Protein chains: 2
Amino acid sequence: MITISDVAAKAGVSRATVSYVLNEKNTSVKISAPTRNRVLETASELGYRRNELARAMITGKSRMLGFWVMQSNREPVVRVLAGAMKEADENDYFIKMLGFDNDTLDSRTLERCIEWRLAGIIAFHAPEESMRHLLPQIKETGIPFVMVDSQHPPTDCLNIEADHASGMTAIVEHLVAQGHRRIAFLGGRNGNEDSISGAREKAYRNAMERVGLHRECQVEYGDWRAEFSQWESGTTAAATHRLLNATPRPTAIACASDHIAMIVMRLAAERGLQVPQQLSVTGFDDVTAATLYNPPLTTVAQPFEEIGRSAVRHLISPSSQQPSQVLPAHLVVRGSTLKPPSK
Amino acid sequence: MITISDVAAKAGVSRATVSYVLNEKNTSVKISAPTRNRVLETASELGYRRNELARAMITGKSRMLGFWVMQSNREPVVRVLAGAMKEADENDYFIKMLGFDNDTLDSRTLERCIEWRLAGIIAFHAPEESMRHLLPQIKETGIPFVMVDSQHPPTDCLNIEADHASGMTAIVEHLVAQGHRRIAFLGGRNGNEDSISGAREKAYRNAMERVGLHRECQVEYGDWRAEFSQWESGTTAAATHRLLNATPRPTAIACASDHIAMIVMRLAAERGLQVPQQLSVTGFDDVTAATLYNPPLTTVAQPFEEIGRSAVRHLISPSSQQPSQVLPAHLVVRGSTLKPPSK
DNA sequence: GTGAAAGCGCTAACAC
DNA sequence: GTGTTAGCGCTTTCAC
């Protein structure tokens, strides 16, 4: 492989000169046009390729960003990633994937980030327990760090997420405007206020209270990370059945995610319950299938790509130290909601 | 940051010794247990972290694998990626994301891979045109390279994909077994035999011929990469309408992907056409929403994760030079197919 | 078994 | 403007 010395030799200049020419932007040193051109020419003649590893080693900066992600095969992951990639790309950074399994994000993951001298880390949906003992270590390393959609964002760490609260509020207001009163909420595994599902649940409760429907609140919990291949026997299905068996039955079910909403719609269909005529259902996320579903799902669109871009932006230009950034999410009304049955 | 010299100094040995201890596996040099332990101890005492950048620079190997992916926000991407990550992780490799837009995969992308001295490259759904002039350049660099689901796999390059042909054949046989004869195919943007949609189409035609239904073949093309947010006005919707307006109407539509199938089912529902009672529909991929759809979609499950793992495996241990690897895909029968209406 | 020393390819003072 | 030079942190002969 051609090195800088080869170029220097052939161009009849020193290695330093070549380096200067190649990094024009980063240095105050000016090289005369003739020399410059000669160097550039020989470089391309020889097929010279800079060695980023060597550069990174010296400068200590790797222009690589770690993207920690749970081994979840969901669409949101790839959409946030897509945004992060674009932003990274435009700034000559790379995204390096670091996966972790089983709810455990061990020190080894961080270790590898340090060993590679990463320029920053994005943690997507990082489990709380792991973060608790990992965050101090991260702080110590000095590697810029942001979380995305953290279920339990520590106060001393930037968390980027969609505006779950206003999104859920919009859902409730939409349903109420249609005439619904018995609006139930179907959440994720746990009901913690801090979790994503919890944030949406809280917004649901607040919104219900604000419109005077506090008494009508009805909440059930399914499994946020359900294995969809066997969803029929899952806790989400069980929770749905509880809701559909209730008397009086809710006229609308606000779900914590699109996938949960789809389970509800499936189960309703199996019972011969018409959505939206007899039951309104809403989701949250706006995954691809939401618009293709039968009926198309009323939901809240999350700005996934912008979340990814924003995360990268914060890492590469450590701006203001706000503790959290909340990106707008907006209601998308489709066919799964309608006025409640007149009965 | 603590370096190897610091450890050496404190442990009272030379830098070389430390290096030996730290890389025990890769070298034939043996270090005595006492020295070894002393070094290890001081290293952890000092909080030493190896500098992978430096190691990579010297050895010329980066243990980083590039994952080229179209800016497509689809679920298959993340599922293949998940598999690749796991395999990489288990072998102490990294996945580095490289995105590209607009059907163009320019030399710049490859350039960056060379500059980082990547240990291998995985190209996911790489556009044919770009590959044609990129492949020779890649060959030249000597960087191991595999393609995944290439629409036009060059003969001199390993391509990994699911068995589209047998999957589609299983679909047709399933439909025929149910009594269908007028089975249409709804494909992607173009009908090239080489494209993925084309491979499925070809299998469809072959299977139809084999069961003596050659005359019943009916093929329409939608847009493989449809923007689903506006699918109603897209070419896939138009193609679907053509199929549903045909006389006699097909009793089954085999679609080239799950998302296309969902569009068909939506449109059928809008016309009051019952799926599966009046029309059977099948997909391909088995995305998450397929099992949650209403009705649940009969489709072919692709071994996405295994595809990802396999790609990585081929890169890090350049095994036999088979031109292509085809992984089994299997039929998943759900509720969107039924015997044709008796009429 | 351990150490000395020569680099890997490049950057960044500092001279001239 | 350009060249000299000293490293960056590590691996790897080659002696001892």
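Chain naming here is simple, since letters A, B, ... match the order of the sequence lines and numbering starts at 1 in each. These numbers come from a predicted model, not from an experiment. Hydrogens, waters and symmetry mates are skipped; everything else that's a heavy atom, side chains included, is used.
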Q: Please say which of B/Thr35, B/Thr42, B/Val7 ends up in a side-chain contact (heavy atoms from CB on, under 4.5 Å) with B/Val18.
A: B/Val7
Taking the side chain of [X] as heavy atoms from C-beta outward, which of [options] is closest to it?
| X | options | result |
| --- | --- | --- |
| A/Thr35 | D/dG9, D/dG1, D/dT4 | D/dG1 |
| B/Tyr20 | C/dC14, D/dC8, D/dT13 | D/dT13 |
| B/Ile58 | C/dG7, C/dT2, D/dT2 | C/dG7 |
| B/Ala16 | C/dA4, D/dT2, C/dA12 | C/dA4 |
| B/Arg55 | D/dG3, D/dG9, D/dT11 | D/dT11 |
| A/Ser32 | D/dG1, C/dT11, C/dA12 | D/dG1 |

Gap between atoms [atom1] and [atom2], on [X] and [N] respectively (whole Å):
| X | N | atom1 | atom2 | value |
| --- | --- | --- | --- | --- |
| A/Arg50 | C/dG9 | CZ | P | 16 Å |
| A/Asn37 | D/dG1 | CG | C1' | 15 Å |
| B/Ile114 | C/dG9 | CD1 | C1' | 16 Å |
| B/Leu53 | C/dC8 | CG | C1' | 14 Å |
| A/Met57 | D/dG9 | CE | P | 7 Å |
| A/Ile31 | C/dA12 | CD1 | C1' | 13 Å |
| A/Asn51 | D/dC8 | CG | C1' | 13 Å |
| B/Trp116 | C/dG9 | CH2 | C1' | 14 Å |

Q: Assess the side chains of A/Ser150 and A/Glu161: does a donor N or O sit below 3.5 Å from an acceptor N or O?
A: no
For [N], does either OP1 or OP2 sit under 4.0 Å from a side-chain N or O belonging to [X]?
| X | N | value |
| --- | --- | --- |
| B/Asn23 | D/dT11 | yes |
| A/Thr59 | C/dT11 | no |
| B/Ser14 | C/dA4 | no |

Q.
If you assign each of B/Arg36 and B/Arg117 to its closest nucleotide in DNA chain C, which residue comes earlier from the 5' end?
A. B/Arg36
Q) Between A/Glu52 and A/Arg50, is there a side-chain N and carboxylate O pair less than 4.0 Å apart? A) yes
Q) Does B/Glu41 pair with B/Lys10 as a salt bridge, N-O distance under 4.0 Å? A) no
Q. Is it true that the NZ or CZ of A/Arg63 lies under 6.0 Å from the centre of A/Phe94's six-membered ring and within 45 degrees of the ring axis?
A. no
